[in-house]
Amino acid sequence: MNLDIDIEKKVEKLLKKMTLEEKIGQMNQYNGSWDVTGPAPDGNNREKYDQLKSGMVGSMLNVVGANAVREAQKLAVENSRLGIPLIFGYDVIHGFQTIFPVPLGESASWDLEAIELSAKVAAKESSASGISWTFAPMVDINRDARWGRVMEGAGEDPYLGSKIAVARVNGFQGNDLSDGESIAACAKHFAAYGFAESGRDYNTADVGEHTLRNVILPPFKACIDAGVATVMNAFNEIGGIPATGNKYLQRDILKEEWGFDGFVISDWGSIGEMIAHGYSKDCMQASEQAVNAGSDMDMESYCYINSLKQLVEEGKVEESTIDDAVRRILRVKYKLGLFENPYLYCDLEREKTDVYSKENLEIARDVARKSIVLLKNEMDILPLKKSGKKIAVIGPLGNHKDAPLGSWRAKAIENSAVSLLEGIKNKVGEDVEVKYAQGCGLSQGKRNFLFEVDLIEEDKSGFAEAKKLAVESDVVIMALGEDCWQTGEGRSQTEIGLPGSQMDLLKEIHKINKNIVIVLMNGRPLTLNWEEENVPAIVETWQLGSEAGNAIADVLFGDYNPSGKLPVSFPRAVGQLPLYYNYKNTGRPDKHPEGMVFWSHFTDEENTPLYPFGYGLSYSKFDYSKPTISSNNMSMNGSVKISVEVSNKGAVDGAEVVQLYIRDLIGTITRPVKELKGFEKVQIKAGETKTVSFELKQEDLAFYGADGTFKAEEGDFEVFVGGNSRDVQKMTFSLK
Ligand code: BGC
């Protein structure tokens, strides 16, 4: 904990002046569900409105825009007894109005500077529009592509996930939270939300201490060390106790052990949901359990505001517990400069110039192309020539201007993305004929944040036109994948292949023209076995945001050499899930020598993923030399240095993500077969060779072992170097 003495004094002084009711008010957050710029609302919202004026609300979410926030802020500051400013939160997940790639896609860049910059731009835009707090980054590790929220995180690996989490926190929060262009970040969802059984959203998570400590918590701890201002708890239960009422997580680990000095916000209504979980009999008990467990602010369950006073009076909750929560909330508000100027984030001028600017869109395009992963490229079909060809763009995502914006899109303007077709047309010369046929539909009916997507199942009416176009064309770019509303909150699926009629369309076109480049747009890993077997080129573009089409065209036509690597394993079949590269070996890992069935495998599918974690191709060809290790022995206070020479044997300059993995062969707790412990994204010119070195120290080998302490254990290690988690070269050393 690194407290600012000046702020602490102010917090204490203010706290002394506050009544119990006013304190509880600070712990109450409401959704802005009426037009705050209009007249006072009626009905249910009237009470919220009156409470804002009487200091019974500490924060609002979903009130956005410099004008709206100013109006809502005025209600609190000008009417309440102490004039304490509100903090305004919003889900700024991958951009505010300039939309960046969905977080999973952006993570495929493995480019921490680019990721930090994207969060910084998002903060700049939000802070001009009234927002001082984002509910991001989501740092939930996830190994199950059925879960719709896989699109919102950084994938399956705690090491990569931690680095990306810190980059995002730094981008949002900047160097000084009160500089007016930075906003408070929120690490979420604490904890194990990404471990929902069968990937079904909100489902039970039941993980042991070992997985909790070594896999789930590291990105949260990294955020705390980076000074994240807030943490959001989670909807799920873990080990029988809802995360929201979990004292072990929130008080013992987060606040005590890690010294977190910011505040914990509940997830939407999650305090009240403890009743349905069967953990609390009513809101009164839920409040008692949540506040005592360390949940400081109630998002929209109305439990705190209606019960904390009575709980304190009855002695079920200590007033010192309330004080602790309020101290944390006020501390963040002071840090944000809200007390000095409650309207700091409501600059109408800046809102005009800083939001959705040309400059921001250029940054979004750069991050977008860095996020693209080339999964397959045979017969050198890519990059495409910019002249003298007939290009067909076929598929329901070919001219979609909305799906590339992704889920959790904050203030994105509907249908504002550059479509793939537009991007290609912007790119090629006059003599290139680019024609489009949709082929089949993507979804119908309601398409937005609130509703399930209605997939078009049997729609083949557009096949004929698409087939005709394929006959006439030299190359077919097939734009396939998911509607953006197929991923995100509440969007879990049991099947993860191409939805609707897309697979049939692809097969039909393939019969006519084999020169196919699949451009995938999706928010989760997909099963792509047929595609991998039959189609020469596959480009994973996720949902790339505002500049999607331009960024994809940059890659398709070779103006940008793809450099992304998968932050998640792509399964061969949904039945393999959960699937991740850092799995445990089991007692029966190997195929039985005499062909018997008794080993850990599936009888109808391989164990391995189709595309492994860390995988991605380039237009360059990178050759790895035999790596070297400085010593085969390492002392506890020493280190080993691993070096490898990487040569670009291709004809074009490129970037390669060189990856280092370890395996701790024997542990007091069994260790994964591989663990990422270092990576470096290096630019290598055509014909050039670069040496990449990594240093491993004791802390890189440490984990929470059988006695619960975080330390490295003596013994033998393997160390692997390569361009993905599968194709690696191995060395060994011992830690003594
Ligand atoms: C989500 C959170 C989000 C909150 C506020 C919840 O449903 O789980 O991640 O921040 O809503 O929109």
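Since we're looking at a predicted model, the values are computed, not measured. Numbers for residues simply follow the sequence, beginning at 1. Numbering of ligands and ligand atoms starts at 1, following listing order.
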Ligand-residue contact atoms, ligand 1 with [X], heavy atoms, under 4.0 Å:
X    : value
M232 : 2 (C), 10 (O)
K188 : 2 (C), 3 (C), 9 (O), 10 (O)
F135 : 10 (O)

Under 4.0 Å, heavy-atom basis, I'd like to know which part of [X] is in contact with ligand 1: side chain, backbone, both or neither.
X    : answer
N62  : neither
H189 : side chain
R149 : side chain

Exercise. Mind checking whether F235 has a heavy atom under 4.0 Å from ligand 1?
Worked result: yes

Centre-to-centre under 6.0 Å for [X] and [Y], is that the case here?
X    : Y    : result
W110 : Y159 : no
F88  : Y345 : no
Y356 : F96  : no

Notebook entry, point to check: Is the side chain of T134 donor-acceptor paired with the backbone N or O of A185 at a distance under 3.5 Å, no angle test?
Noted result: no

Next item on the list: Keeping the roles fixed (side chain from R168, backbone from P137), state whether a donor-acceptor pair exists under 3.5 Å.
Entry: no

Discussion item. Take a 6.0 Å sphere around CD of E452 and say whether it holds more than 12 heavy atoms from other residues, nucleotides or ligands.
Written reply: no

Nearest non-hydrogen protein atom to atom 6 (C) of ligand 1, with distance, is D267 OD1, 3.0 Å

